[in-house]
Enquirer: 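So that we are looking at the same thing, I have put the structure below in structure tokens.
Quick caveat, the model's predicted, so the values are computed rather than measured. The chain is numbered in sequence order, starting from 1.
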Amino acid sequence: MAIVKPFCAFRPAPMYASRVAALPYDVYSRKEAREAVKDNPLSFLNIDRPETQFDESADMYAEEVYAKAASLLKEQIQNQIYRKDTEPGYYIYELTMDGRTQTGIVACCSIDDYLNQVIRKHENTREEKEQDRIRHVDVLNMHTGPIFLAYRSDPAVSAVIAQVKSYPPVYRFTSEDGICHAVWRISGPDQVTALEQAFAHIPNTYIADGHHRAASAVKVGLKRRREHPDYTGEEAFNYFLSVLFPDDQLMILPYNRVVRDLNGLSEEEFLARAAEAFTVQDSPVPIQPEEKGTFGMYLNHTWYQLTIKPEYVSQDPVEGLDVSLLQNHLLAPILGILEPRTDDRIDFVGGIRGLNELVHRADTDMTVAFSLYPTSIRELFAVADAGLLMPPKSTWFEPKLRSGLFLHAIGDAIGDDIGDASVSAVE
């Protein structure tokens, strides 16, 4: 059963919350990150991507870069941009995008639940990507970016959330992308106990987004266990920062594909090969698929609709995914994309960018683009429950959680010696 613990967060004073909150570190290129922090010294992205504080030629993984992140965070705590809550609690984090709201519980989850597959994953991680976050967490002694978890909706959890949301939030602001963020704190002993007990009856939670952050947090926790062989399991490093959302509130957008060339084929040869496993029809309008098994394809200023032929449909949790059908019956056998994780001939475009981005890429640095029907949360659960893995870039969740609103200290945190005043003192 899922262990979901309250904790004492470092979090921004309300007057600073909107300026601190930043998109996750990994949605930005290095150039985009530099541009994003240029006019906002309080943005948490300065700390999440500390290479932005150095010359562009600097090694973004150098020791002094991580030390800079720690220095910036210490400075913000000293200046009381961040304050620490004095009593453990949960937090409710609500995001509203285009009139649709999703509400999560901010809490700490167990690294043992991750290791024992109570927390289930659906993607592999890459060691080189983990190393950056391992060093970041280790140097700061903080989890700074929450892992986005999903769970099957539970009425007991929903009841507590509804009760707390009847009170005024501690934060409410609208970010530059039009998403409304609101936060409530849960510290009443009855409500805390009710949430702990409710999650104790939930058998599994699922990583929706943040596989590398989760893997890195767990590896730091295991490192701390080796350094403290007398650990009890209750130390903060045994848990990692998470936001848990019910499955019935989540929206997954497609993760589209663009490919640089036709693998030596002429356009006519390529279309003929594609017609072996798909019905191919040209279209006078752009194609955003509206059902499973259909795909849009943009090639040489023309849109096509591709529909997988019935004999290629699979009931296997992984092989039946639309991303797998496209990979197994077109990208690999026809375009030669055998390892999409590492092949530089393919790129992935989040559905939030729209079809126009696919057209732009195919007309400039790529040749052919594919729009997909989004993977569903039920498909994600089915793959994870089977102990299987999705192909890379199978899901794009929106809206993105903001980093910097909640920090979880895993040791002697920067600023622990800077007074005891909690954030609630200024709320």
Enquirer: Are Phe397 and Phe245 an aromatic pair by the rule of ring centers under 6.0 Å?
Expert: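 When the ring centroids of Phe397 and Phe245 are compared, they turn out to be at least 6.0 Å apart.
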Enquirer: Is Asp322 salt-bridged to Lys292, going by a charged N under 4.0 Å from an acidic O?
Expert: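 Salt bridge: yes.
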Enquirer: Applying salt bridge (Lys or Arg N to Asp or Glu O under 4.0 Å) as the test, list every pair that has at least one member in residues 17-26; sequence neighbours left out.
Expert: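 Every pair satisfying salt bridge (Lys or Arg N to Asp or Glu O under 4.0 Å) with a residue in residues 17-26: Asp26-Arg213.
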Enquirer: Between Arg133 and Asp138, is the closest basic N to carboxylate O distance under 4.0 Å?
Expert: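 No.
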Enquirer: Less than 4.0 Å between a side-chain N and a carboxylate O, is that true for Lys223 and Glu227?
Expert: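 Judged by the 4.0 Å cut-off on N to carboxylate O distance, Glu227 and Lys223 do form a salt bridge.
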Enquirer: Could you tell me which residues satisfy ring-ring contact (aromatic ring centres under 6.0 Å, His included) with Phe381, sequence neighbours excluded, listed by chain and number?
Expert: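 Only Tyr206 meet the ring-ring contact (aromatic ring centres under 6.0 Å, His included) criterion with Phe381.
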Enquirer: With distance as the sole criterion, is a donor-acceptor pair present between the side chains of Asp316 and Ser314 under 3.5 Å?
Expert: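 No, no side-chain donor-acceptor pair sits under 3.5 Å.
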Enquirer: Is a salt bridge present between Glu123 and Lys121, judged by a nitrogen-to-oxygen distance below 4.0 Å?
Expert: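 No, this pair does not count.
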Enquirer: Using atom types as modelled and distance alone, determine if a side-chain donor or acceptor of Asn204 lies under 3.5 Å from a backbone N or O of Val118.
Expert: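 Indeed, once roles are kept as given, a pair shorter than 3.5 Å links the two residues.
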Enquirer: Which side-chain N or O atoms in residues 189-200 pair as donor and acceptor under 3.5 Å with protein atoms at least two apart or in another chain?
Expert:
{"from": "Gln191", "atom 1": "NE2", "to": "Gln163", "atom 2": "OE1", "distance (Å)": "3.2"}
{"from": "Thr193", "atom 1": "OG1", "to": "Pro189", "atom 2": "O", "distance (Å)": "2.9"}

Enquirer: So that I can tick it off, tell me whether Asp365 and Arg260 are bridged by a salt bridge, with the cut-off set at under 4.0 angstrom between side-chain N and carboxylate O.
Expert: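 Salt bridge absent between Arg260 and Asp365.
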Enquirer: Salt bridge check, Arg120 against Asp113: does any charged N sit closer than 4.0 Å to a carboxylate O?
Expert: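 Judged by the 4.0 Å cut-off on N to carboxylate O distance, Asp113 and Arg120 do not form a salt bridge.
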Enquirer: Do Lys165 and Glu94 meet the salt-bridge criterion of a basic N to acidic O distance under 4.0 Å?
Expert: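 Looking at Glu94 and Lys165, the cut-off is met.
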Enquirer: Taking NZ, NE, NH1 and NH2 as the nitrogens, is one of them in Arg100 or Glu398 under 4.0 Å from a carboxylate oxygen of the other?
Expert: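 No.
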Enquirer: Answer yes when Asp85 and Arg11 have at least one side-chain N-carboxylate O distance shorter than 4.0 Å, and no when they do not.
Expert: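 Yes.
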Enquirer: Where the side chain of Asn40 meets the backbone of Val37, is there a donor-acceptor pair that is under 3.5 Å apart?
Expert: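 Such a contact is absent between Asn40 side chain and Val37 backbone.
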